[in-house]
Amino acid sequence: IGGTGEEAERSHTLSNGHEATFYYYVPKSYERTKPAPLAFFLHGGVSGAQPKRGRGQCRVWQREADEQGWIVCAPSGTDKCLWWASPGEEQIVEAIRFLSARYAIDRNRVIVSGFSDGASGAYYLGMARTDLWSAVIPWNGAVGVVTAPQAGNAPFYTLNCRGASWRATHGGKDQLYPSASQAPVIDQLKAAGVRIEWKNFEDVGHEGGKINNEDKAFLAEWLPKQKR
């Protein structure tokens, strides 16, 4: 199967009965003889999201896909498919299975990224599924979202995070998760031996597009070096 250069849709039924939909983008430059890195992007606002919220989100990594041959996947999260609960994890695993069955995926270069709730989900998945990722990139998220009682009291084992390389960002003017409140978490991860790079965008609020774009210059140099 070749690349179309257009976003495609795939739906499947999770074990809890929820019909989950993810979107994926395979560039026209894709070649079966060259295993491609796979990048996930998890959207924010997961608990109130529409069932097909992932639509259009592949654009976050589309330039890298077109220029470097990446395959991109953007799942859709809802209150029945939270990133930090088993249905969300199940959807991610199914997406990897589906894409790996159809395309040559470099399983040593699979990354998970996300913004806001998606970033909080990336923290959880980076901890819970250390077998999957070469790099974890949470933009403006919080571990506290994952472990909060209203989110299901998901456990978070810091030492597990040593399995991948991490790049995390926060904004100094973020109304939800300001840098000052999240810096101690980053310090805790570093103290545990996690390979994490952190950037405080001091004058930025809870602005996904701005953070993503500002961070891409760093990631252009950093990401190619990260392998599982």
Side-chain angles (χ1 to χ4, degrees), residues 37-44 46 60-61 73-75 77 81-93 95-96 105-171 174 176-201 206 208 211-212 215-216 218-219 221-228:
L38 173 59
F40 280 86
F41 178 75
L42 311 181
H43 64 75
V46 66
V60 172
W61 292 109
C73 184
C81 187
L82 299 171
W83 304 132
W84 47 83
S86 56
E89 182 179 331
E90 182 182 346
Q91 181 182 188
I92 299 288
V93 172
I96 293 175
I105 302 293
D106 184 348
R107 294 297 294 271
N108 290 316
R109 294 187 64 194
V110 180
I111 74 169
V112 59
S113 64
F115 172 73
S116 192
D117 271 357
S120 301
Y123 276 114
Y124 173 75
L125 290 163
M127 177 278 301
R129 293 307 303 257
T130 60
D131 56 317
L132 297 179
W133 317 114
S134 59
V136 183
I137 306 173
W139 289 307
N140 290 46
V143 171
V145 171
V146 175
T147 59
Q150 59 268 36
N153 280 318
F156 194 85
Y157 304 112
T158 303
L159 293 179
N160 285 11
C161 298
R162 294 185 295 186
S165 297
W166 293 64
R167 167 64 169 186
T169 66
H170 290 95
D174 191 320
L176 299 179
Y177 318 120
S179 302
S181 70
Q182 300 305 308
V185 177
I186 302 299
D187 290 341
Q188 182 180 0
L189 289 168
K190 289 181 177 179
V194 178
R195 303 187 305 276
I196 185 165
E197 299 280 348
W198 183 59
K199 175 67 175 180
N200 170 24
F201 291 93
H206 202 68
I211 287 284
N212 299 354
D215 206 35
K216 287 297 185 71
F218 171 85
L219 292 172
E221 296 291 330
W222 182 80
L223 260 181
K225 303 172 185 176
Q226 311 310 321
K227 295 185 178 182
R228 187 163 64 91

With [X], which residues qualify under ring-ring contact (aromatic ring centres under 6.0 Å, His included), at least two apart?
X: Trp139; answer: Trp61
X: Phe41; answer: none
X: Tyr177; answer: His206

Can you sort out the partners of [X] under salt bridge (charged side-chain N to carboxylate O under 4.0 Å, His left out), two or more places apart, ordered by chain and number?
X: Glu90; answer: none
X: Asp215; answer: Arg167
X: Arg109; answer: none

As an exercise, state the distance from [atom1] of [X] to [atom2] of [Y], rounded to the nearest 0.5 Å.
X: His43; Y: Ser116; atom1: NE2; atom2: OG; value: 11.0 Å
X: Phe201; Y: Ile211; atom1: CZ; atom2: CD1; value: 5.0 Å
X: Ser179; Y: Ile186; atom1: OG; atom2: CD1; value: 9.5 Å
X: Cys73; Y: Gln91; atom1: SG; atom2: CD; value: 7.5 Å
X: Leu42; Y: Ile92; atom1: CG; atom2: CD1; value: 5.0 Å
X: Leu189; Y: Arg162; atom1: CG; atom2: CZ; value: 11.5 Å

Do [X] and [Y] come within less than 4.5 Å of each other through their side chains, counting heavy atoms only?
X: Thr169; Y: Asn140; value: yes
X: Ile96; Y: Phe40; value: yes
X: Tyr123; Y: Phe156; value: yes
X: Asp117; Y: Trp84; value: yes
X: Ile111; Y: Leu223; value: yes

Nearest heavy-atom pair of [X] and [Y]: which atoms, and what distance?
X: Trp83; Y: Gly121; answer: CB-CA, 3.5 Å
X: Ala180; Y: Pro184; answer: O-CD, 3.5 Å
X: Pro155; Y: Met127; answer: O-CE, 3.2 Å
X: Val136; Y: Gly126; answer: CG2-CA, 3.8 Å
X: Arg228; Y: Asp131; answer: NH1-O, 3.0 Å
X: Asn200; Y: Gly171; answer: OD1-C, 4.2 Å

Any donor-acceptor pair under 3.5 Å from Ser120 side chain to Ala142 backbone: yes
Side-chain (Trp133) to main-chain (Ala122) donor-acceptor, under 3.5 angstrom: no
Set of residues satisfying side chain to side chain donor-acceptor pair (under 3.5 Å) with respect to [X], sequence neighbours excluded:
X: Trp198; answer: His170
X: Arg195; answer: Ser165
X: Asn212; answer: none
X: Lys216; answer: Glu64

Partners passing side chain to side chain contact (heavy atoms under 4.5 Å, CB included) against Ala119 (at least two apart in sequence or in another chain): Pro138
Partner residues of Thr130 under the side chain to side chain contact (heavy atoms under 4.5 Å, CB included) criterion, sequence neighbours left out: Asn160
Enclosure of Lys190 NZ (heavy-atom neighbours >12, cutoff 6.0 Å): yes
